[in-house]
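Sequence lines set the chain letters: A, B, ... in the order given, protein chains first and strands last, and positions in each chain run from 1. Please read these numbers as outputs of a predicted model, since none were measured by experiment. Heavy atoms only: backbone and side chains are in, while hydrogens, waters and symmetry mates are out.
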Amino acid sequence: MLFSQEIIQWYHQNKRDLPWRNTTDPYIIWLSEIILQQTRVEQGLPYFNRFVAAYPTVRDFAEAAEGEILRLWQGLGYYSRARNMHKAAQTIMQQYDGIFPKEYNSLIKLPGIGEYTAAAIASFSSNEPKAVLDGNVFRVLARYFGISEAINTGKGKKLFSKIAEEMLDKANASVYNQAIMEFGALQCKPQSPNCAVCPISIGCYALRENKVNFLPVKIKGKASRDRYFYYFIVRDQDKIAMQKRGSKDIWENMYEFPLIEYPIAIDLVQLKETSIFRQLFGSDCELEVISTPKKHVLSHQNIYASFIEIKNFNHLKTKKKVWNYVFIKDLDTLAKPKLIFTFLRDHIICNN
DNA sequence: AAAGCGGGGCA
DNA sequence: TGCCCAGCTTT
């Protein structure tokens with residue numbers, strides 16, 4: 001049997017029942033696809049359900065506030081996805097009269113939609129014959145055909161893209177695309193794939209040559225860099241100082257406590273002597289360490305975060321005019337990075 | 001072409 | 001620990 005037909009048959013027998021598979025509505029499929037970028041199905045599933053409930057139509061999404069969307073996205077990571085979705089939804093209201101496009105060539109122009117996502121939405125919603133190429137497809141193709149070209153170079157992507165298009169069952173693009181991804185996720189897994197019961201083990205290069213654990217090939221990225229964050233808990237009765245992060249760094253537009261970032265790890269005495277600390281808090285307040293340096297790992301950074309409460313703080317004696325104080329009861333309406341909302345939860349300042 | 005962007009799960 | 005996950009955008 002043909003490669004594509006074997007994969008499709010396997011899919012019909014082994015597929016998971018996932019909510020976004022019961023529709024051809026491109027809006028719903030878009031929600032699921034953006035959420036699932038670089039994200040496991042189990043992690044994304046509860047977010048998908050929340051977004052469908054909160055924004056049943058693309059109009060609802062477009063009319064929401066960015067802060068509300070980010071709050072719903074809180075904890076999922078790669079927050080530019082949420083900001084780009086908001087822009088895309090507004091573009092669809094303006095340029096497509098609120099009708100979510102199904103054509104690859106229209107989808108690819110929307111913010112946050114790249115080649116993979118455009119192919120996925122187009123094929124799932126209207127069976128347009130565009131092959132998806134995600135981490136699963138790279139792995140299945142690399143192993144089955146024995147492709148040792150790296151998957152994260154321009155040359156490699158071009159090569160794999162060509163093979164993916166050749167293997168696509170053009171008359172059944174929707175089912176085939178979902179099938180090969182599901183096959184990669186459940187059967188041809190990164191670690192310990194289930195080669196013993198694989199329907200395409202005959203013909204698999206990697207199994208034959210004992211290279212399953214060496215394919216696909218990926219060029220390693222740069223090592224993570226270390227950053228040292230000193231967060232300050234500044235209370236004013238039933239309020240607490242919060243600030244919104246800017247652009248060109250992690251967690252854009254999300255909220256955190258007043259922060260001093262320092263290039264190296266330092267202790268409280270050194271911290272109080274820094275000019276930035278004096279500008280923010282003066283020199284006659286007391287500090288109490290609430291949480292000693294906690295390592296927060298991102299894909300490309302290690303953040304060592306300390307949480308320090310400022311006592312006896314008189315803002316009138318500093319150059320900084322006023323902090324943005326937020327009622328503690330309103331904290332849960334703000335979108336915060338994981339590092340911040342877990343701190344709040346663990347110290348019972350608010351639930352999330 | 002390479003870097004930047006989260007958070008979680010698993011061996 | 002290192003690697004990977006239904007990748008995209010910016011530099």
Worksheet item: Among Tyr55(A), Trp20(A), Trp73(A), which residue meets the ring-ring contact (aromatic ring centres under 6.0 Å, His included) test with Phe48(A)?
Response: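 Only match with Phe48(A) under ring-ring contact (aromatic ring centres under 6.0 Å, His included): Trp20(A).
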Report which part of the nucleic acid [X] touches: base, sugar-phosphate, or nothing (heavy-atom distance under 4.0 Å, all strands).
| X | value |
| --- | --- |
| Gly75(A) | sugar-phosphate |
| Asn177(A) | nothing |
| Trp30(A) | nothing |
| Ser299(A) | base |

Same-atom distance ([atom1]) from [N] to [M], integer angstrom:
| N | M | atom1 | value |
| --- | --- | --- | --- |
| dA3(B) | dC3(C) | P | 16 Å |
| dT9(C) | dG8(B) | C1' | 23 Å |
| dC10(B) | dA6(C) | P | 13 Å |

Discussion item. Can you list, in residue-number order, the parts of residues 35-49 of chain A that come under 4.0 Å of DNA chain B, counting heavy atoms only?
Written reply: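 Under 4.0 Å from DNA chain B: Gln38(A), Thr39(A), Arg40(A), Gln43(A).
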Discussion item. Nearest to the side chain of Leu298(A), heavy atoms from C-beta on, is which of dC4(C), dG7(B), dC5(B)?
Written reply: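 Nearest nucleotide to the side chain: dG7(B).
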Item to complete: Identify which nucleotide among dC5(B), dC4(C), dC3(C) has an atom closest to any side-chain atom of Lys220(A), counting heavy atoms from C-beta outward.
Response: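 Selected nucleotide (nearest to the side chain): dC3(C).
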Fill in: Closest-nucleotide 5' rank along DNA chain B - winner of Gln301(A) and Lys155(A)
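Taking each residue's closest nucleotide, the earlier one in sequence belongs to Lys155(A).
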Fill in: Distance test, side-chain N/O of His300(A) to OP1/OP2 of dA3(B), below 4.0 Å
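For His300(A), the contact criterion (side-chain N or O under 4.0 Å from OP1 or OP2 of dA3(B)) is not met.
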Give the rounded distance in Å between these two atoms: [atom1] of [X] and [atom2] of [N].
| X | N | atom1 | atom2 | value |
| --- | --- | --- | --- | --- |
| Tyr176(A) | dA6(C) | OH | P | 16 Å |
| Lys218(A) | dC3(C) | NZ | C1' | 8 Å |
| Tyr78(A) | dC5(C) | OH | C1' | 10 Å |
| Lys157(A) | dA1(B) | NZ | P | 9 Å |

Practice prompt. Give a yes or no on whether a salt bridge exists between Arg16(A) and Glu182(A), defined as a side-chain N under 4.0 angstrom from a carboxylate O.
Written response: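 Yes, this pair counts.
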Worksheet item: Is Arg227(A) salt-bridged to Asp249(A), going by a charged N under 4.0 Å from an acidic O?
Response: yes
